[in-house]
Chemist: 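This is the structure I have questions about; it appears just below.
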Amino acid sequence: MPKNSKVVKRELDDEVIESVKDLLSNEDSADDAFKKSELIVDVQEEKDTDVEERSEVKDERPAWNSKLQYILAQVGFSVGLGNVWRFPYLCQKNGGGAYLLPYLILLLVIGIPLFFLELSVGQRIRRGSIGVWNYISPQLGGIGFASCVVCFFVALYYNVIIGWSLFYFSQSFQQPLPWDQCPLVKNASHTFVEPECEKSSATTYYWYREALNISSSISESGGLNWKMTICLLAAWVVVCLAMIKGIQSSGKIMYFSSLFPYVVLTCFLIRALLLNGSVDGIRHLFTPELEIMLEPKVWREAAAQVFFALGLGFGGVIAFSSYNKRDNNCHFDAVLVSFINFFTSILATLVVFAVLGFKANVINEKCIAENSEMIIKLVKMGNISQDIIPHHVNFSAITAQDYDLVYDIIQKVKEEEFPALHLNACRIEDELNKAVQGTGLAFIAFTEAMTHFPASPFWSVMFFLMLVNLGLGSMFGTIEGIITPVVDTFKVRKEILTVICCLLAFCIGLIFVQRSGNYFVTMFDDYSATLPLLIVVILENIAVSFVYGIDKFMEDLKDMLGFAPNRYYYYMWKYISPLMLLSLLIASIVNMGLSPPGYNAWMEDKASEKFLSYPTWGMVICISLMVLAILPIPVVFIIRRCNLIDDSSGNLASVTYKRGRVLKEPLNLEGDDASLIHGKISSEMSSPNFSKNIYRKQSGSPTLDTAPNGRYGIGYLMADMPDMPESDL
C-alpha cells in the first residue's frame, strides 16, 4: 500500500474522519457490514513525490518488457497492407512525387496530433478504449464501444486477406510457380490452353479461378471454398495463439512480425534495382504533376490515407499505450511511429514501382517483338513500303527507340490506313499508367513480375511471408482494441475472451470464403469502417478538447511528461484538427453518395471484370454495417443522459476511477451496487448529511439521493481531496 494511502477508519486526517463519522452516524448502527468495509483514498500531496508514490503502488496491469517492444507493437499495428498496396497506387494516381507534399502536410496537421492524443489518454488513464472514454465523459462512453465494433468488423475480413497470403505462401514452394503458365486442357482429340486464362493472363486466372474459384455475382454463393476455409482457420489459430496471453505473448512475436517486412522490402528493392527497367518505374512514379495538387480529391484521399495508415479510432493505439508507464514520453513515440510509417510507405512505393517497372519492361519487349513481326509481314505483303523503313533498323534485334521511330513513320505515312494495320505503340509509360491497387497489385501484378525473377520461388516465399507478417501486426493491434477494453470493463478472463472472440470471428468469417466471398470483402472494406471511424475520431477530439477541456488536458500532459507540449498541439486539437476531420467526413459522405454502391464481378465467359450494383439485400447489409458501428454512441449517450438504466450489474462500467486512479471496490457487494450498504436499495437509504462531502458528482448529472459509487447512472466515484488538481486525470 502506498505511504499516502490511508484506511478511513484508522489513518485519515481528522477532517476526513469527521466526514466519515457523519456518514456512519446516519446509518443503521447494526449494519456491521458497512462499518467493516474499507474506502481507500489516494492523496497526492506533492508533485515531486508523485512518480515515487506511483512506483510503490502494486499495479497488476501487464507492462511491456521494453520500450523497443512497445514501439515495434505500435509500428506493427500502424504499418500494414495499406502501406504496400494502397499508398503506391495513390502516389501514382495523384501526381507522383507531388502527392508526397499534401500527404506530409496532412500528417503534421491530422496524423501526429491525433496519434499523440490517443497515446496520451491511453497511457494516462491506463485503460482500453471503453474505460478511457467512460472516464473522459461517461455520456460519450459509446465511443469506446463503437471502436470495438469497428475493430471486430475489420478483423473479420482483414484476417481473410492473411488467409489468402497464407495460401499463396504455401503454393510458392514449387518450380516453376503454379501461376507461371496457363494450364492446358485435354479432350478426346487435342490439347488447348484454358480459354479463360488465354483471354486474361496466367496470374489473373490463377487468382480468380484457382485461388478464389470466384462466382459471377455476390448473389451466387457457390458454397465454401475449402482451400480458403483451411487457410482462414490457420490464420485465426495463429492470431489466437499470439494474443491469448495479451502483450506478454504478442509482444515477443512483434520482434519478428514488425522487423521482417523491412528486411524483405530492403532485399526486394536491392534486387529490383538490378533488374532492367526498374529505374523507368521509379522515374515514372516521381515525375511530379504539380497541377494535380490543386484538385480537392487529392487532398481528400491523402487525408484518408493518413487517417487510416496510423490506425486512428480503432482502439489499438490506446490499448497498447495503456500498458506503458505513466511517465513514458509518448510525444516522442507519436512522432517516431508516424514518421516510421511515412518512410515505410515511401520504401514500399519504391519497391512496388521498381518491380512494376521491370514487369512493364518485360511486357514492352514482348510487345515490340510481336509488332515487329507484324511489320515484317506487312512489308512482304506490300502494305508497307520498304523505303520508309530506316536502313539502320534491324528487326531481329530491334530496340525500343528504333521501334518508336518506325511506328511514328508508319503512322504519318499511312495516316488513313493506319488503324487497319492493328499496330501497338508499345510504350513503357502506357503499361506503367495501368494503376493497380489492393489484391490486384499483390496477387496479380506483383506475382506476375516475380515469375520473371531469377529464383522466383524464393522471392515469392519472401513476399507472401512479408504480407502475412504485415497483416498479423495490424491484426494484433485490432484484436487488442477489442480484448483490452472488454477485459478492463467486464473483468473477464483474457484467455477465455480471446478464444471466444477468435472462434466467433472465424464462424462469421465463413461468408468471406464462399466462392462469392471476395465481393463481401469489398463490401466490408468500403462500408464497415470508413465513416464510423471518422465519426469516432471526431468525437474523441471533441471529448478531450471541449468536454474534458483542452487546458486541463495540457496540464495533465505537463504533469505526465515532465514538460509542457508545444502550443502547436493546443491549436491543432482545439481548432484545426476538428475542422479538418469534419471536412473529411463531409467529403467522404459526398463521395460515397456520388459513387454508385457496387462491386467488380469477374465474368468467366469474358475473362474480365464488370461493375455490378449490390442487390437490395446487399444494400441493407451495407447500411446495417455503418449503423451498427455507430449505434453504441447514441445509445450509451441516451441511456446515461436520461439515466434509463440503473446499472446494478455493472455491465456497462465496472471500473471505478478517481481522476485516473482505480479505487479499491468491495468485491462481495450484493444487491444494488449503487449502495455501499449491504441489503439496502437506494430507495430505502436515508440521505446522510455530510460535514464535507467525500464524493464528487459528475458534472451535469442529475441530483441523487445516494452518493454515486460508479454503478449508479454509470457515474464514477471521485474523492474530493483539496490538494488534488482539477486537471489531474
Side-chain angles (χ1 to χ4, degrees), residues 76 79-89 157-181 201-213 225 227-239 242 253 256-272 344 347-349 351-352 354-356 358-359 436-476 512-513 517-518 521:
V79 175
L81 297 172
N83 295 76
V84 174
W85 69 28
R86 176 68 177 168
F87 186 88
Y89 164 78
Y157 74 86
Y158 204 86
N159 222 24
V160 175
I161 301 173
I162 298 177
W164 293 341
S165 302
L166 284 173
F167 173 76
Y168 268 79
F169 171 74
S170 67
Q171 299 299 307
S172 296
F173 296 91
Q174 304 178 45
Q175 177 66 27
L177 291 169
W179 50 84
D180 186 37
Q181 300 290 335
S201 68
T203 52
T204 303
Y205 172 82
Y206 191 86
W207 166 242
Y208 284 115
R209 190 55 52 212
E210 296 294 336
L212 300 181
N213 193 20
N225 181 340
K227 292 180 289 189
M228 288 305 171
T229 303
I230 294 174
C231 291
L232 179 63
L233 177 61
W236 276 114
V237 168
V238 171
V239 171
I253 300 175
F256 179 76
S257 65
S258 296
L259 293 176
F260 181 74
Y262 291 96
V263 175
V264 176
L265 286 174
T266 303
C267 292
F268 259 99
L269 181 61
I270 295 172
R271 184 68 188 92
T344 303
L347 175 61
T349 302
V351 171
V352 166
V355 173
L356 292 183
F358 164 70
K359 170 179 171 276
V436 287
Q437 64 167 325
T439 54
L441 174 64
F443 298 108
I444 297 177
F446 223 85
T447 52
E448 183 178 346
M450 286 187 295
T451 59
H452 302 291
F453 277 28
S456 55
F458 169 77
W459 293 104
S460 183
V461 167
M462 294 284 282
F463 177 72
F464 289 110
L465 187 58
M466 178 191 74
L467 290 188
V468 170
N469 279 275
L470 284 172
L472 285 177
S474 297
M475 274 299 295
F476 293 157
F512 301 108
V513 290
N518 187 46
V521 171

Chemist: Between T447 and F464, does the side chain to side chain contact (heavy atoms under 4.5 Å, CB included) criterion hold? Intermediate values first, please.
Modeler: CA-CA 10 Å; T447 52; F464 289 110; 3.3 Å; yes

Chemist: The test is side chain to side chain contact (heavy atoms under 4.5 Å, CB included); show your working for L472 and V239 and say whether it passes.
Modeler: CA-CA 7 Å; L472 285 177; V239 171; 3.8 Å; yes

Chemist: Out of I270, L269, T266, which one pairs with V351 under the side chain to side chain contact (heavy atoms under 4.5 Å, CB included) rule?
Modeler: L269

Chemist: If you measure from NZ on K227 to CG on L212, what distance do you get to the nearest 0.5 Å?
Modeler: 9.5 Å

Chemist: Give the intermediate values and the outcome of side chain to side chain contact (heavy atoms under 4.5 Å, CB included) for residues W164 and L467.
Modeler: CA-CA 10 Å; W164 293 341; L467 290 188; over 6 Å; no

Chemist: To the nearest 0.5 Å, what is the distance between OH (Y168) and CE (M450)?
Modeler: 9.5 Å

Chemist: Give a yes or no on whether the backbone of L232 and the side-chain of N159 come within a donor-acceptor separation of less than 3.5 Å.
Modeler: no

Chemist: Check whether any side-chain heavy atom of Q175 lies under 4.5 Å from a side-chain heavy atom of S456, and answer yes or no.
Modeler: yes

Chemist: Around atom CD of Q174, are there more than 12 heavy atoms from other residues, nucleotides or ligands closer than 6.0 Å?
Modeler: yes

Chemist: I want to check something: taking the side chain as every heavy atom from C-beta on, are V264 and L465 in contact at a cut-off of under 4.5 Å?
Modeler: no

Chemist: Compare all side-chain heavy atoms of Q171 with those of S460 and state whether any distance is below 4.5 angstrom.
Modeler: no

Chemist: How many angstroms lie between atom OG of S474 and atom CG of N83, to the nearest 0.5 angstrom?
Modeler: 8.0 Å

Chemist: Look at the aromatic rings of F169 and F173 and report parallel, tilted or perpendicular, splitting at 30° and 60°.
Modeler: perpendicular

Chemist: Apply the ring-ring contact (aromatic ring centres under 6.0 Å, His included) test between W179 and each candidate in Y205, F167, W207, Y206; give the one that qualifies.
Modeler: Y206

Chemist: Any side-chain to backbone donor/acceptor pair from T451 onto E448? Under 3.5 Å, distance only.
Modeler: yes

Chemist: Could you give me the CA-CA distance, side-chain angles and deciding distance for F87 and T344, then say whether side chain to side chain contact (heavy atoms under 4.5 Å, CB included) is met?
Modeler: CA-CA 10 Å; F87 186 88; T344 303; over 6 Å; no

Chemist: Verify, without hydrogens or angle tests, whether N213 (side chain) and E210 (backbone) share a donor-acceptor contact under 3.5 angstrom.
Modeler: no

Chemist: Measuring only between side-chain heavy atoms, which start at C-beta, is L441 closer than 4.5 Å to L356?
Modeler: yes

Chemist: Once rounded to the nearest 0.5 Å, what's the spacing between atom OG1 of T439 and atom CG of L81?
Modeler: 11.0 Å

Chemist: Which distance, rounded to the nearest 0.5 Å, do you find between the CD1 of I253 and the CG of N469?
Modeler: 10.0 Å

Chemist: What is the minimum heavy-atom distance between I444 and T203, and which atoms define it?
Modeler: O-OG1, 3.5 Å

Chemist: Can you see which heavy atom on L177 is nearest to which on P457, and at what distance?
Modeler: CD2-CA, 3.9 Å

Chemist: Out of F443, F458, F446, which residue meets the ring-ring contact (aromatic ring centres under 6.0 Å, His included) rule with F463?
Modeler: F446

Chemist: Rounded at 0.5 Å granularity, tell me how far OG in S165 sits from CE in M466.
Modeler: 9.0 Å

Chemist: With side chains defined as the heavy atoms from C-beta onward, is the minimum distance between C267 and W459 less than 4.5 Å?
Modeler: yes

Chemist: Please report the closest heavy-atom contact between A354 and A272, naming both atoms and the distance.
Modeler: CB-CB, 3.7 Å

